[in-house]
A.B. asks: 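Submitted below is the structure of interest, expressed as structure tokens.
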Amino acid sequence: MAARVPAGSGARPGENPADDLPDGLLVADRDARVVLFNAAAVRMTGITAEAALGIDFRDVLPLHDAEGRDWWKCLAPYDGLGTRTRHPERVLFLPGGTELLVTAAYRRDPGGKVERFSVCLRDAAHRTRQERDRADLVSTVAHELRSPLTSVKGFTATLLAKWHRFNDDQKRVMLETVNADADRVTRLITELLDVSRIEAGRLEMRRQVVDLPDEVRKVIAGRVAAGDAADRFRFETRGELPEMWLDPDKVDQILGNLVENAVRHGAGTVTIVVEPDVHEEGAAVSVRDEGEGIPPEAVQRVFRQFWRGPGGNRRGGTGLGLYIVKGLVEAHGGTITVRRAPGGGAEFRFTMPAGAPDYAG
């Protein structure tokens, strides 16, 4: 028994147009026999279409819920209420443990009897990874927040209770620590909000003309003012850049994160190069260090959430910086890559199209 090809579908005889669907599809007739089992369903279940067609769909697709209950006995699709039209998506399992997202819909005759029962299947692995990443994000941020908040609470409680016992220098040290930890909390919350906006595709771009070399100089000046040696940095500009319409705050964030990453995880001189891109339609910025570089096997993981540098260095960071950088670059329509720098170490290189103001077009 074969699935029938609808007239006018454009499919050749013997072809199943449902095979073009990205999701698995099983359709059973009024006798609960499978009349359609597409290629995606074959891939997800490991059951061939030939073995499924004409068989009771409950034997072809023996789904269970998380408690191990037979889902079809709980649902009773052919014996339940005649007013049901569909079932919302839920997670169910095949006997081997394969996790699927399953939805179902009914087509009924005028008397309310089931004529067609359609089951849609979707691989749950991607959603499971997303949920795990979100749980990891919450856990990581909660862990990172605990330390500065404990410090802020401890020092403020001490100062309030014993203010007159400390001299001015001791008070200043405590308040400076509280101020630094408050900045750290603010930075963590900002990172969390950035990740949320990137994942949801809700980054707002406020484009204006940006002088990229000037932005690089400001980032370097900020690092030097914060205590880094001026001779730690080298800045080069090459060629003439087109007029760049970018979001200046996000450009500062991109450059700041890449330079901080080079200082923290790299060694030697940090070199920043700004030049026209290969098509001379935008700009390319390279940030290089002279450290150990990134192992080849880690290159594919660099821009994922929670990635940290060689040796698992966990000093002062959540491992979200490079993930955020990639999201900000791509929001501008650019790309970012990492490779071994000419003098050793790591080189992060991102490109930005010249773009246009927000009110253009």
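What's counted below: heavy atoms across the whole structure, side chains too, no hydrogens, waters or symmetry copies.
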A.B. asks: In Å and rounded to the nearest 0.5 Å, what is the CG to CG distance from Leu212 to Leu246?
C.D. replies: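 Leu212 CG to Leu246 CG: 5.5 Å, rounded to 0.5 Å.
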
A.B. asks: Between Lys250 and Glu204, is there a donor-acceptor pair closer than 3.5 Å when you use the side chain of the first and the backbone of the second?
C.D. replies: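 Yes.
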
A.B. asks: Sub-3.5 Å donor-acceptor pair from the side chain of Asp289 to the main-chain atoms of Gly345, do we have one?
C.D. replies: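 Not confirmed, Asp289 side chain does not pair with Gly345 backbone.
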
A.B. asks: Using side-chain heavy atoms (C-beta onward) and a distance below 4.5 Å, is Glu275 in contact with Glu236?
C.D. replies: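 The answer is no; the side chains never approach within 4.5 Å.
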
A.B. asks: Which heavy-atom pair separates Phe37 from Ile47 by the least distance, and what is that distance?
C.D. replies: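 Looks like CE2-O, 3.4 Å.
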
A.B. asks: Any ion pair linking Asp29 and Arg33 (charged N to carboxylate O, less than 4.0 Å)?
C.D. replies: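 Not counted as a salt bridge, because no side-chain N and carboxylate O are separated by less than 4.0 Å.
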
A.B. asks: When hydrophobic residues are tied together by side-chain contacts of less than 4.5 Å, even through go-betweens, does Ile198 share a cluster with Phe350?
C.D. replies: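 Yes, Ile198 and Phe350 fall within the same hydrophobic cluster.
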
A.B. asks: Tell me, with the steps shown, if Asp109 and Lys113 meet salt bridge (Lys or Arg N to Asp or Glu O under 4.0 Å).
C.D. replies: CA-CA 5 Å; Asp109 63 20; Lys113 296 292 186 182; over 6 Å; no

A.B. asks: Donor-acceptor pair, Trp72 side chain versus Leu61 backbone, under 3.5 Å?
C.D. replies: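 Judged by distance alone, yes, a pair lies under 3.5 Å.
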
A.B. asks: Using only atom types and a distance under 3.5 Å, with no angle test, would you say the side chain of Asp56 pairs donor to acceptor with the backbone of Arg58?
C.D. replies: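 Pair found, side chain donor or acceptor close to backbone of Arg58.
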
A.B. asks: Could you see if Trp163 belongs to whatever hydrophobic cluster contains Phe155? Use Ile, Leu, Val, Met, Phe, Trp, Tyr and a side-chain cutoff under 4.5 Å.
C.D. replies: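 They do share one cluster, since a chain of ILVMFWY contacts under 4.5 Å joins Trp163 to Phe155.
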
A.B. asks: For a quick test of reading the model, state the closest non-hydrogen atom pair linking Asp181 to Val152 and the distance between them.
C.D. replies: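 Minimum heavy-atom separation between Asp181 and Val152: CB-CG2, 3.7 Å.
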
A.B. asks: Please check this pair: side chain of His64 against backbone of Pro95, looking for a donor-acceptor N/O pair closer than 3.5 Å.
C.D. replies: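 Answer holds: no.
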
A.B. asks: I'd like to know if the side chain of Arg107 reaches the main chain of Phe117, judged simply by a donor and an acceptor atom lying under 3.5 Å from each other, with no hydrogens or angles considered.
C.D. replies: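 Answer holds: no.
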
A.B. asks: Nearest heavy-atom pair of Ala331 and Arg207: which atoms, and what distance?
C.D. replies: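 So the minimum-distance heavy-atom pair works out to O-NH2, 3.9 Å.
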
A.B. asks: Is a donor from one side chain sitting under 3.5 angstrom from an acceptor on the other, for Thr351 and Asp277?
C.D. replies: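 Short answer, no.
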
A.B. asks: Using every non-hydrogen atom in the two residues, find where Leu94 and Met44 come nearest and quote the distance to one decimal.
C.D. replies: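 In terms of heavy atoms, the two residues are closest at CD1-O, 4.1 Å.
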
A.B. asks: Out of curiosity, Thr98 OG1 to Leu92 CG, how far, rounded to the nearest 0.5 Å?
C.D. replies: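 Going from OG1 on Thr98 over to CG on Leu92, the span is 12.5 Å.
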
A.B. asks: Within the structure provided, determine whether Leu21 and Cys120 are in side-chain contact (heavy-atom separation under 4.5 Å).
C.D. replies: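 The answer is no; the side chains never approach within 4.5 Å.
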
A.B. asks: Can you name the nearest heavy-atom pair linking Glu240 to Pro276, along with the distance?
C.D. replies: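 Scanning both residues completely, I find the closest heavy atoms to be O-CG, 3.4 Å.
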
A.B. asks: Would you mind telling me which of Val216, Val210, Asp211 makes a side chain to side chain contact (heavy atoms under 4.5 Å, CB included) with Asp214?
C.D. replies: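 The residue from Val216, Val210, Asp211 that satisfies side chain to side chain contact (heavy atoms under 4.5 Å, CB included) with Asp214 turns out to be Asp211.
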
A.B. asks: Does Leu75 reach the side chain of Arg84, with side-chain heavy atoms less than 4.5 Å apart?
C.D. replies: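 Leu75 reaches Arg84 side chain to side chain.
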
A.B. asks: For the OG1 atom of Thr103 and the CG atom of Asp23, what is their distance to the nearest 0.5 Å?
C.D. replies: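 Answer for the OG1-CG pair, Thr103 versus Asp23, is 8.0 Å.
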
A.B. asks: Are Phe348 and Val273 linked, directly or through intermediate hydrophobic residues, by side-chain heavy-atom contacts shorter than 4.5 Å (ILVMFWY only)?
C.D. replies: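 Different hydrophobic clusters.
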
A.B. asks: Is the closest side-chain heavy-atom distance between Val209 and Trp245 below 4.5 Å?
C.D. replies: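 Yes, side chains in contact.
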
A.B. asks: Is there side-chain contact between Arg90 and Trp71, with heavy atoms separated by less than 4.5 Å?
C.D. replies: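 A side-chain contact exists here, since the closest heavy-atom pair is under 4.5 Å.
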
A.B. asks: Any heavy-atom pair between the side chains of Pro77 and His87 that's under 4.5 Å?
C.D. replies: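 No; the side chains remain at least 4.5 Å from each other.
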
A.B. asks: Flag yes if Val185 and Leu193 sit in one hydrophobic cluster, no otherwise; membership is Ile, Leu, Val, Met, Phe, Trp, Tyr, and two members link when side-chain heavy atoms are under 4.5 Å apart.
C.D. replies: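 Linked, Val185 and Leu193 end up in one cluster.
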
A.B. asks: Rounded to the nearest 0.5 Å, what's the gap from CE on Met174 to CG on Asp169? Could you check?
C.D. replies: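 One finds 12.0 Å between CE of Met174 and CG of Asp169.
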
A.B. asks: Do Asn261 and Val325 come close enough that some side-chain heavy atom pair is under 4.5 Å?
C.D. replies: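 Heavy-atom side-chain distance check fails, nothing below 4.5 Å.
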
A.B. asks: Check the pair Leu322 / Leu258 against side chain to side chain contact (heavy atoms under 4.5 Å, CB included), numbers first and verdict last.
C.D. replies: CA-CA 8 Å; Leu322 293 176; Leu258 290 178; 3.8 Å; yes

A.B. asks: Would you say the side-chain atoms of Thr271 and Arg288 include a donor-acceptor pair closer than 3.5 Å?
C.D. replies: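 Thr271 vs Arg288: no donor-acceptor pair found between side chains.
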
A.B. asks: To the nearest 0.5 Å, how far apart are CG in Leu100 and CZ in Arg122?
C.D. replies: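 If we round to the nearest 0.5 Å, Leu100:CG and Arg122:CZ are 11.5 Å apart.
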
A.B. asks: Decide yes or no for Ile254 and Met352: does some side-chain heavy atom of the first lie under 4.5 Å from some side-chain heavy atom of the second?
C.D. replies: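 SC-SC contact between Ile254 and Met352 confirmed.
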
A.B. asks: In Å, rounded to the nearest 0.5 Å, how long is the span from CG of Asp194 to CG of Leu320?
C.D. replies: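 Rounded to the nearest 0.5 Å, the CG-CG separation comes to 9.5 Å.
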
A.B. asks: Keeping Gln170 on the side-chain end and Asn167 on the backbone end, is there a donor-acceptor pair under 3.5 Å?
C.D. replies: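 Indeed, once roles are kept as given, a pair shorter than 3.5 Å links the two residues.
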
A.B. asks: Asn38 side chain to Leu25 main-chain N or O, any donor-acceptor pair under 3.5 Å?
C.D. replies: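 Present.
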
A.B. asks: Hydrophobic clusters here meaning ILVMFWY residues chained together by side-chain heavy-atom distances under 4.5 Å, can you tell me if Val91 and Leu26 are in one?
C.D. replies: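 Different clusters: Val91 never reaches Leu26 through Ile, Leu, Val, Met, Phe, Trp or Tyr contacts under 4.5 Å.
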
A.B. asks: Provide the closest heavy-atom pair for Glu347 versus Pro342 in the form atom of the first, atom of the second, distance.
C.D. replies: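 Smallest interatomic distance, heavy atoms only, reads OE1-CD, 4.3 Å.
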
